[in-house]
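Report on the following structure.
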Amino acid sequence: MAPNDTVLVEVADGIARLTLNRPDKLNAFNEAMHRALHAALDEAKWDENVRAILLTGAGRAFCAGQDLAEVDPHKADGEPDLGETIERLYNPLIRLIRSIDKPIVCAVNGVAAGAGASVALACDLVLAGRSAKFIQAFCKIGLVPDSGATWALTRLVGEARAKGLALTGRPLDAETAAGWGLIWHAVDDQHLMEEAGKLAASLAAGPTVGLGLTKRAIQAASTNSLDDQLDLERDLQREAGLTPDYAEGVAAFTEKRPANFTGRR
Ligand code: T3D
């Protein structure tokens with residue numbers, strides 16, 4: 001998938017900063033933005049110099065979900081097949097985000113609606129500006145929450161709140177989202193990017209392999225039995241124990257100095 005300017009990409013100091021960039025459409029997803037985001041994430045996944053990813057939106061919104069002008073049923077030839085769009089664009093995006101063995105920080109700088117909220121919730125650490133809102137907008141247009149929304153909402157906030165959000169489409173403010181455990185923290189709008197940058201920087205300086213394996217273990221926990229999870233933790237710990245960062249972490253502790261992690265295998 002070729003990159004284009006619907007997603008701005010900046011790689012520096014171990015962090016890939018990705019900015020959704022269709023501000024006049026509140027960063028709603030069209031095909032070009034899907035292609036660009038997928039390509040940028042895929043590149044960050046495999047680039048050894050990238051040790052953390054920071055995703056945000058340009059302008060006053062994070063992302064308003066699907067660009068409704070692009071899929072207007074009145075303009076379509078024949079019957080719309082939304083399942084096709086989900087299968088071809090949204091599901092691969094969510095699977096890609098979850099498959100990246102590196103921490104992904106999402107800075108929700110404004111409204112996150114529809115699949116825009118789903119993308120934010122697929123990330124690992126979600127910070128939101130206090131004025132940001134999460135909206136399960138799907139019910140307003142007769143659709144079903146997608147891109148992992150029903151899965152993430154139910155696991156993060158439980159069935160009662162998931163149904164409340166999805167069946168009413170009522171906006172959820174950032175503070176309440178944090179209180180409910182939907183996101184990591186709400187921060188003052190003017191400090192959002194600084195806080196998200198600091199968080200990404202500390203993760204980028206961390207033991208990348210161990211952090212990636214930790215992400216993998218936590219993601220597996222919701223579907224694994226305890227026995228399966230214990231086995232998985234054993235295997236991942238074995239892998240983490242072979243990294244130079246483990247040796248460095250123990251040496252730094254013993255020598256009472258800050259660890260100098262390289263993130264290498
Ligand atoms: O393939 C498939 O379709 C299946 C996949 C579906 C996944 C989905 O995400 S479905 C859900 C799609 N999203 C929505 O339904 C949200 C629609 N947007 C809104 O409800 C509101 O815009 C917001 C609550 C997000 C923000 O409201 P507000 O008052 O702050 O802004 P606004 O005035 O509504 O929007 C500003 C501009 O952005 C406006 O354009 P204009 O009039 O200035 O030229 C508006 O049309 C545009 N915009 C906002 N959201 C979308 C959008 N344009 C296209 N698609 C959007 N989703």
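Whatever order the structure lists them in is the order used to number ligands and atoms, beginning at 1. All values below were derived from every heavy atom in this structure, side-chain atoms included, with hydrogens, water molecules and symmetry-related copies excluded.
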ask   = For atom 57 (N) of ligand 1, what's the nearest protein heavy atom and its distance?
value = Q66 O, 2.8 Å

query = When you check the side-chain N and O atoms of N4 and T6, is any donor under 3.5 Å from an acceptor?
reply = yes

note = Taking only non-hydrogen atoms of V71 and a 4.0 Å limit, the atoms of ligand 1 in range are 3 (O)

Under 3.5 Å donor-acceptor, N27 side chain and A58 backbone = yes

ask   = Which option out of G65, A64, G114 puts a heavy atom nearest to atom 14 (C) of ligand 1?
value = A64

key: Test applied, side chain to side chain contact (heavy atoms under 4.5 Å, CB included); reference residue, C123; option that passes from I104, L54, I100, V105   = I104

task = Using a distance threshold of 4.0 Å (strictly less than), state whether atom 21 (C) of ligand 1 has a protein heavy-atom neighbour.
result = no

ask   = For ligand 1, which atoms, with element, lie under 4.0 Å from some heavy atom of L82?
value = 1 (O), 2 (C), 3 (O)

inquiry  = Give the atom numbers and elements of ligand 1 that come within less than 4.0 Å of a heavy atom of I135.
reply    = 24 (C)

ask   = What atoms of ligand 1 come within less than 4.0 Å of a heavy atom belonging to A28?
value = 55 (N), 56 (C), 57 (N)

inquiry  = Does the protein place a non-hydrogen atom closer than 4.0 angstrom to atom 42 (O) of ligand 1?
reply    = no

For atom 55 (N) of ligand 1, the protein heavy atom that lies nearest, with its residue and separation = L68 N, 2.9 Å

message = Looking at W184, I want to see if its CH2 is surrounded by more than 12 non-hydrogen atoms of other residues, nucleotides or ligands under 6.0 Å.
response = no

ask   = Can you find a protein heavy atom closer to atom 10 (S) of ligand 1 than 4.0 Å?
value = yes

ask   = With atoms numbered from 1 as shown, which atoms in ligand 1 lie under 4.0 angstrom from a non-hydrogen atom of T85?
value = 1 (O)

ask   = Does atom 1 (O) of ligand 1 have a protein heavy-atom neighbour under 4.0 Å away?
value = yes

inquiry  = Counting non-hydrogen protein atoms only, what is the nearest one to atom 6 (C) of ligand 1? Give residue, atom name and distance.
reply    = D146 OD2, 3.3 Å

note = Looking only at non-hydrogen atoms, the one of R60, Q136, K133, K25 nearest atom 52 (C) of ligand 1 is K25

E84 atom CD, neighbour heavy-atom count above 12 within 6.0 Å = yes

ask   = Of the listed options (V119, L26, D24), which comes nearest to atom 40 (O) of ligand 1 when hydrogens are ignored and any heavy atom counts?
value = D24

message = Return the CG to NZ distance between L211 and K102, rounded to the nearest 0.5 Å.
response = 12.0 Å

message = Among L37, V126, T19, exactly one meets side chain to side chain contact (heavy atoms under 4.5 Å, CB included) together with L55. Which residue is that?
response = L37

query = What do you think, any protein heavy atom under 4.0 angstrom from atom 29 (O) of ligand 1?
reply = no

query = Can you check whether a protein heavy atom sits less than 4.0 angstrom from atom 36 (C) of ligand 1?
reply = yes

query = Is the closest side-chain heavy-atom distance between D67 and V71 below 4.5 Å?
reply = no

query = Is any side-chain heavy atom of V7 less than 4.5 Å from a side-chain heavy atom of N21?
reply = no

note = A student checking ligand 1 against A137 at a 4.0 Å heavy-atom cut-off should list atoms 14 (C), 15 (O), 16 (C)

note = Counting heavy atoms under 4.0 Å, the part of F138 that contacts ligand 1 is side chain

key: Distance in Å, R60 CZ paired with D189 CG, rounded so as to fall on 0.5 Å steps   = 13.0 Å

task = Using protein heavy atoms only, decide if any is under 4.0 Å from atom 45 (C) of ligand 1.
result = no

inquiry  = Tell me if the CZ atom of R265 is crowded by more than 12 foreign heavy atoms within 6.0 Å.
reply    = no

task = Applying ring-ring contact (aromatic ring centres under 6.0 Å, His included), name anything that partners Y90, two or more places apart in sequence or on another chain.
result = F29, H34

Selection residues 228-251 - residue pairs positive for ring pair (Phe, Tyr, Trp, His ring centres under 6.0 Å), sequence neighbours left out = none

task = With heavy atoms of D67 as the reference, note each atom of ligand 1 found under 4.0 Å away.
result = 54 (C), 55 (N)

Any protein heavy atom < 4.0 Å from atom 18 (N) of ligand 1 = no

